[in-house]
Amino acid sequence: MKIVVIVKEVPDTEAKITINGGKPDLSGVKMIINPYDEYAVEEAIQQADKLGDSSVTVVMIGDDNSKKNLTNVLALGAEDAILVKDAALAGSDPLQLAKVLKAAIEPLGAGMVLAGRQGVDHDWGMTGIALAELLGWGHVGLITGLEISGDSFKATSDGDNGKMTFEGSLPAVFTTDKGINEPRYASLKGIMAAKKKTVAEKSLADLGLDAAVVGGAAAKVSFVGADLPPQKQPGRIIDGDSVQAKVATLVDALRNEAKVI
Amino acid sequence: MAKILIIAEQFKGQLRASAGELMAAAQQIGGDVDGAVFGPGAADAAGQLAGYGLGKVLAVDCGCEYSGDGFAAAVSDAVSAGGYEFVILMQTSFGRDLGARLAARLDAGWINDVIALEGSGSDVVASKPLYAGKVISKLKFNGSGLKVLSLRPRNFEAVQASGASAAVEQLGSGMQCKARCTTLEAKEAGFIDLKDADIIVSGGRGIGGAEGYEAIRNFANEIGAAMGASRAIVDAGWIDHSYQVGQTGKVVNPQLYIAAGISGAIQHLAGMQTSKVIVAINNNESAPIFKVADYGIVGDLFEVLPELGRQIKAARQ
């Protein structure tokens, strides 16, 4: 089975983000593979191993700087990669990106597509789900377990009311939650092998897409500004002669000052 | 005037109170409001939803607890034919999934996890946290097409139902769902979900090991709080990921957040810093968590938490 996994780059979760000219300033911020996508990659590789006679293709929308992170994903065990890069993509919304991904993925004849549940940058949580809709496939979001048997699947997900088990037929899209697996680290052998693997670069024209349908000018949603959240002022450390006394002062403050209990 | 559809949530026929938050956002945008509820029990919950003074309510039951493709397909014709400009959902496991699928199906704009709205009608501007709350962005929709929004729970002041009634339209029977929920293991009675909780108590490395979480559990049971965890103790395997608060876990917004033995890494703060009041308990007085806490106690959480539980309980009587 051909298994496709979608990855994207996001700012390092440890990074401090500043605002410049009403926009988040990412200059100098280290970009990493989206943490939720690491679970998707791991799941794709594990499923390919279990199914046998399968391979994993990684698809990313990025730029020239993305190749390093993409090679790191190949080092984990994916077979090859497609890097979609085109200056016209700047400012695209997640639905536009899903249309681009559809054009890149549809010709691959995949049995399933895996993606992280959301990018930890803009947290849209839409791209994988929108891709399923555009392909006419079913999807299960936020999966914490996946079993494939023939062309049917069973997937689990932590829902609002409890643990849900979903069933359906492949092809399908799954978006991975943390907890589904333990992502591996690249082995030295994997790192060496990745250098020989193919990264196919595709422009919008290569995918048969009109540049006018993507990018900020055609987006359905636009950013109009950004601010840092109001900083919480440090509060007070409660002193007291004993634990009982400190707690009594705290409970009094929570009840009479903050009025939250 | 815009036509607005609010997609409320229900479980076993009981409407969720977040319907009032959806109604508040709909009133901010302004327009004629209809409603929809999904899943087994939708018909019962539809009557309760009508009580918010809606034009009509769609009760959508495809015979399963959830199906992203099935639910979106079941309602999309009604959304198109109804001439709606806005669809509003909650940013829950249900709403984030259905909203994204429906927006893709109807080629609509999607702004999720909205914490505030300014202005009204088509020009409404939505505030949405980015980078797990390190930045608050402002977004607008372009064009006159359908706009789909999901609201972060507990950020809009809920409107109370007036007890009105409305016509209920049944949809979804016979729907072929491609990926459908076949079993649901409901949470145990009394379980308090992090996103609904007024009080949350979370544990970090300071609990010392998996068995140390018992102190968190005991406190939560004593005062009726939801339980959370830092990434460190989830990654260490001391507690399941579903408890994690922070950038790769849940974003929470309680009245009172108690961080016990949590140092306060930036990814954790991202998930809880909008809590109304933050209390930190840590034996390290230079822990960064004290910089965001309203009240701090430097001390041993295994002594402070049980005492705090006793005294809160006593204060309530």
Side-chain angles (χ1 to χ4, degrees), chain A residues 11 13-14 17 19 24 35 94-95 98 120-126 129-130 133-134 137-142 158-168 172 178-179 219-229 232 234-238 243-244 246-248 250-251 253 255 258 260-261, chain B residues 11 65 68-69 92-94 96-97 100-101 104-105 109-113 125 130-143 178-187 241-242 247-248 255-256 266-267 273 276-277 291-299 303-304 307-308 311-312 315:
Chain A
T13 53
E14 305 286 342
I17 312 260
I19 303 285
L95 185 51
V120 301
D121 49 357
H122 295 167
D123 296 312
W124 295 116
M126 185 189 199
I129 295 171
E133 176 62 38
L134 297 175
W137 299 0
H139 83 269
V140 184
L142 278 61
D158 288 325
D160 299 311
N161 302 307
K163 187 175 170 183
M164 302 169 104
T165 302
F166 287 83
E167 293 180 54
K178 186 175 176 175
K220 295 189 193 318
V221 172
S222 304
F223 286 97
V224 292
D227 284 303
L228 296 177
K232 248 190 133 122
R236 64 180 164 115
I237 299 287
I238 292 174
V243 168
Q244 284 79 0
K246 286 183 192 175
V247 169
L250 174 61
V251 169
R255 198 167 176 77
V260 290
I261 55 169
Chain B
F11 186 53
E65 202 64 51
D69 63 274
T92 53
S93 300
F94 166 83
R96 71 199 313 277
D97 199 277
R101 182 100 195 192
R105 187 175 178 91
W110 165 248
I111 302 180
N112 66 327
D113 208 14
V125 172
L130 303 182
Y131 314 105
K134 291 175 194 169
V135 171
I136 307 297
S137 68
K138 293 208 164 147
L139 297 136
K140 69 174 177 67
F141 290 104
N142 301 320
K178 294 181 181 117
R180 60 200 294 269
C181 177
T182 49
T183 54
L184 169 70
E185 286 171 45
K187 288 172 179 160
H241 168 248
S242 59
Q247 188 161 14
T248 49
Q255 290 283 300
L256 174 58
I266 189 163
Q267 328 90 340
Q273 64 193 0
K276 186 173 176 219
V277 173
K291 293 206 181 85
V292 300
D294 298 279
Y295 304 103
I297 289 185
V298 179
E303 290 175 17
V304 176
E307 183 63 26
L308 185 57
Q311 292 202 24
I312 288 177

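First the proteins, then the strands, lettered A, B, ... as listed; each starts at 1.
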Handout entry: Heavy-atom pair count under 4.5 Å with chain A, highest-scoring of R105(B), E65(B), K291(B), Q255(B)
Key =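 Option with the top pair count is R105(B).
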Tell me, for [X] versus chain B, whether the close heavy atoms (under 4.5 Å) come from the side chain, the backbone, both or neither.
X	value
L142(A)	side chain
R236(A)	both
I238(A)	both
A258(A)	both
P229(A)	both
L250(A)	side chain
A253(A)	both

Problem - Verdict with supporting geometry, L308(B) and V251(A), side-chain contact (heavy atoms from CB on, under 4.5 Å) - result: CA-CA 7 Å; L308(B) 185 57; V251(A) 169; 3.6 Å; yes
Donor-acceptor pair, side chain of [X] and main chain of [Y], under 3.5 angstrom:
X	Y	value
T182(B)	T165(A)	yes
E133(A)	G68(B)	no
H241(B)	G179(A)	no
E185(B)	G162(A)	no
N142(B)	A219(A)	yes
W110(B)	W124(A)	yes
D160(A)	S93(B)	yes

Heavy-atom pairs under 4.5 Å with chain B, option from [options] with the top count:
options	answer
D227(A), I237(A), N161(A), I129(A)	N161(A)
H139(A), E14(A), K246(A)	H139(A)
L228(A), D121(A), L95(A)	D121(A)

Problem - Residue pair Q267(B), T13(A): steps toward the side chain to side chain donor-acceptor pair (under 3.5 Å) verdict - result: CA-CA 7 Å; Q267(B) 328 90 340; T13(A) 53; 4.7 Å; no
What closest approach, in Å, do [X] and [Y] show between heavy atoms, and which atom pair accounts for it?
X	Y	answer
G138(A)	D69(B)	CA-OD1, 3.8 Å
A100(B)	G125(A)	CB-O, 4.0 Å
C181(B)	F166(A)	N-CD2, 3.3 Å
A226(A)	V135(B)	CB-CG1, 3.8 Å

Problem - Proximity breakdown for D97(B) and chain A, heavy-atom pairs closer than 4.5 Å - result: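 Both backbone and side chain of D97(B) come within 4.5 Å of chain A.
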Handout entry: A186(B) versus chain A, the contacting section by heavy-atom distance below 4.5 Å
Key =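 When you check distances to chain A, atoms from both the backbone and side chain of A186(B) fall under 4.5 Å.
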Problem - Nearest-0.5 Å distance that lies between atom CG in D113(B) and atom CG in D123(A) - result: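 These two atoms lie 6.5 Å from each other.
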Handout entry: With sequence neighbours excluded, residues passing ring pair (Phe, Tyr, Trp, His ring centres under 6.0 Å) with F11(B)
Key =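 Testing F11(B) for ring pair (Phe, Tyr, Trp, His ring centres under 6.0 Å), a comparison that skips the adjacent residues, returns none.
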Practice task
For K134(B), check side-chain contact (heavy atoms from CB on, under 4.5 Å) against everything at least two apart and list the hits.
Solution key: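 For K134(B), the residues satisfying side-chain contact (heavy atoms from CB on, under 4.5 Å) (neighbours in sequence not counted) are I17(A), Y131(B), Q247(B), I266(B).
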Problem - Non-hydrogen side-chain atoms of N112(B) and M126(A) separated by less than 4.5 Å - result: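 Side-chain contact under 4.5 Å: no.
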